[in-house]
There are 2 protein chains.
Amino acid sequence: MYHEIANDIINKINQGDFDTKLPTEQELMARYGVSRNTIRRAIDVVYQRGLLRRVQGSGYYINRQPSASKAIMNLSAGTGNAMHSAETHLTSKVVTFDKVNVDHEYARLMHVPDGTEMYRVVRLRSLEGELYCLEQAYFLTKLIPVLTVEAVNDSILTFLKETYAITPTSSDDFVSVEQLTADQASLLERPVGDSVLCLSQLNYCGNGTFFNYSITHYVYPGIHFYFHAAPLASN
Amino acid sequence: MYHEIANDIINKINQGDFDTKLPTEQELMARYGVSRNTIRRAIDVVYQRGLLRRVQGSGYYINRQPSASKAIMNLSAGTGNAMHSAETHLTSKVVTFDKVNVDHEYARLMHVPDGTEMYRVVRLRSLEGELYCLEQAYFLTKLIPVLTVEAVNDSILTFLKETYAITPTSSDDFVSVEQLTADQASLLERPVGDSVLCLSQLNYCGNGTFFNYSITHYVYPGIHFYFHAAPLASN
DNA sequence: ATTGATTTGTTCGTATGTATC
DNA sequence: GGATACATACGAACAAATCAA
C-alpha cells in the first residue's frame, strides 16, 4: 500500500504536479483514503530518496534536484532505480558473455567460495554515440540458471525481475579512481593508465543474499556521481 | 527515545555484542521497555545505516562491514557521522581561515545570492603523518556569526553542535575525478594535473536550511568511498 | 508579544498478513 | 500444520515547531 502511494507521490513530484510543498498529511490521508501512519511511511520513502525536506510545524518542501545533466549519475535510489534514470538511454555493446569460475581474488571480494561458477558479462555502454562506461558484471549461476543473449543485450535487471523475481534491494558500493589497463584502454579508446572514476557494487536481493557483483569504469566527460544522504537521524 | 535505542544498538553491534543476529523484536521490546513500533523505528535507523539485513520470518542479521581500512571512507551514515569513524584520527593543518564574499560561480553552486558572506576554511589533513586530503569549506556567517580559531584547528562540527546546536542532517554529495591545480598540487606534494578523487558536499541542518559547502580532494593511497544503499523499497 | 490553530514528530495499543523454521 | 518472527495497517493521544491573527 505505502509503496504504491510513495511511487505515486514520486511520479507526481517528477511531473511537477506540486509547486514547492506537498499537501499536508491530512489532505494526503483523505486523498488516498489511508491512515496517517501509512501516509507517513510513504513519505519516509520519498524523503529517503532525497526528494523532500521535512519541517516540523510547517510542511514537506520539495527539493530542487541537481541539474539533470547526463554527466550526473544518481545513486540515491539504490541500484535498481539508478538504472532507470539515465541508463534507459544507454546503448550496450556486449564484449564478453560467458561462464567462469571466479579466481581467489574475486571470490574474496564477493565472499563466495573459490571457483564459484558465475556468468560474466562485459559491456561497453554509450550515451548518444559517446562512450559512457565499461561494465564488467558477474551473476551467480546458482541463483540465475539461465541468462539469455537477449537479456544481456537489453536490460539484465528487468530480465531478472520478470524471470526470477530477483530485484536488487540493497548494495555495497565502492568508489575510487583507477588507471586503465591496456585492455580497458583499447576498448574505451583512451590512453593506457588514464585515471577514471570506478564504481564497484555488490548487489543483494530481497532476503539479503548476494547475487551480483559489478565493476564499472566511467569515461563520460565530466561524469559525476550524485547521492543524497538523508539518514533517519540518530544523534 | 528511538534515537537512543538506535545508537545503543549501533554501539553494541560495533562492539560485537551480538553474534550474527539481533535479538527478536519481542526481546528488544522487553529489554528497552518500549512498544513494538518504537523498536521497529529504531531498527529502521540501524538498517538504513547498512548494519543489518532483515529477513521476514527469520530475523535481523548483522552485515559484515567492509574491511575497516583507513583507505575506505564510509559515507553511509551521512556527513555528521562519517566524521566520527575515520576522521577522528585525522590531524589538520589550517592553510587559510578568513571571511570572503562568494563569487558568482560559487554562489550558484550553493544556491545563495552573489556576494554572500561566508567563512572560508582550507585545511590540509593527514592520517598518521601521511597526507590524506585537502578540504576547502565554506560556512554561512549569517547562521554562524563567530567561528573560532580553536574550532577550526579542532573539530568544526562539534563546535557548531555545542555552540549553535547546528548538526548536519542531510547532504547533497557529488563525487568526481579532478585534476590538481598548481596551488593544490604544491600543498598536497603532488604533480600538477594529478587525477584525484574529489567530493563536493552541500550540508543542510535540521530545518532543511543550507549552512555549509565543502570541496575535498583526497590523495591518500588507495582511497575508496564506501556507502551502503538500502532504500526503504518502493518497487 | 501572546495566543491559538495548523502541521509534523513521537509513542502507544491492536489487529492481521506473510515468510521462515 | 503449528509456532515464531517480521511486515503492514488502523486508531488515538500528546509533544513540539511553525505560522498567522
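Letters go in sequence order (proteins before strands), and every chain restarts at 1.
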Would you please confirm or rule out a distance under 4.0 Å between OP1 or OP2 of C:dG9 and any side-chain N or O of A:Arg54? yes

Interatomic distance, B:Ile39 CD1 vs C:dC12 P [rounded to whole Å]: 9 Å

Specify whether A:Phe174 and B:Tyr226 have parallel, tilted or perpendicular ring planes, treating 30° as the upper limit for parallel and 60° as the lower limit for perpendicular. tilted

Which pairs, protein N/O on one side and nucleotides 2-5 of chain D N/O on the other, fall under 3.5 Å?
none

Gap between atoms OH and P, on B:Tyr47 and D:dA7 respectively (whole Å): 9 Å

Distance check: side-chain N/O of A:Arg40 vs OP1/OP2 of C:dG9, anything under 4.0 Å? yes

CD1 of A:Ile43 versus P of C:dT8: gap in Å, rounded? 7 Å

Calculate the interatomic distance between A:Met29 atom CE and C:dT7 atom P; express it in whole Å. 12 Å

In whole Å, what is the span from the CZ atom of A:Arg41 to the C1' atom of D:dT8? 9 Å

Ring pair (Phe, Tyr, Trp, His ring centres under 6.0 Å) partners for B:Phe225, two or more places apart: B:Tyr218

By salt bridge (Lys or Arg N to Asp or Glu O under 4.0 Å) - contacts of B:Lys12 (at least two apart): B:Asp8

Within this structure, what is the OH-to-C1' distance between A:Tyr2 and D:dC10, rounded to whole angstrom? 15 Å

Ignoring backbone atoms, establish whether A:His3 has a side-chain N or O less than 4.0 Å from OP1 or OP2 of D:dT8. yes

Assign the ring pair A:Phe210 / A:Tyr204 to parallel, tilted or perpendicular, where the plane angle (0 to 90°) is split at 30° and 60°. perpendicular

For A:Asn37 and C:dA15, give me the distance from atom CG to atom P, rounded to whole Å. 16 Å

Salt bridge (Lys or Arg N to Asp or Glu O under 4.0 Å) partners of A:Glu25, counting only residues at least two apart: A:Arg36, A:Arg40

Residues at least two apart in sequence or cross-chain that pass salt bridge (Lys or Arg N to Asp or Glu O under 4.0 Å) with B:Asp44, listed by chain then number, are A:Arg41, B:Arg54

Please report, rounded to the nearest Å, how far the C1' atom of D:dC6 is from the CD atom of B:Glu27. 15 Å

Nearest-nucleotide comparison on DNA chain D, the residue closer to the 5′ end among A:Thr38 and B:Leu22: B:Leu22

Please state whether the base of C:dG9 and the side chain of A:Arg36 form at least one donor-acceptor pair under 3.5 Å? yes

Show me, pair by pair, the donor-acceptor contacts under 3.5 angstrom made by side chains of residues 142-150 of chain B, not counting sequence neighbours?
from	atom 1	to	atom 2	distance (Å)
B:Thr148	OG1	B:Ala151	N	3.1

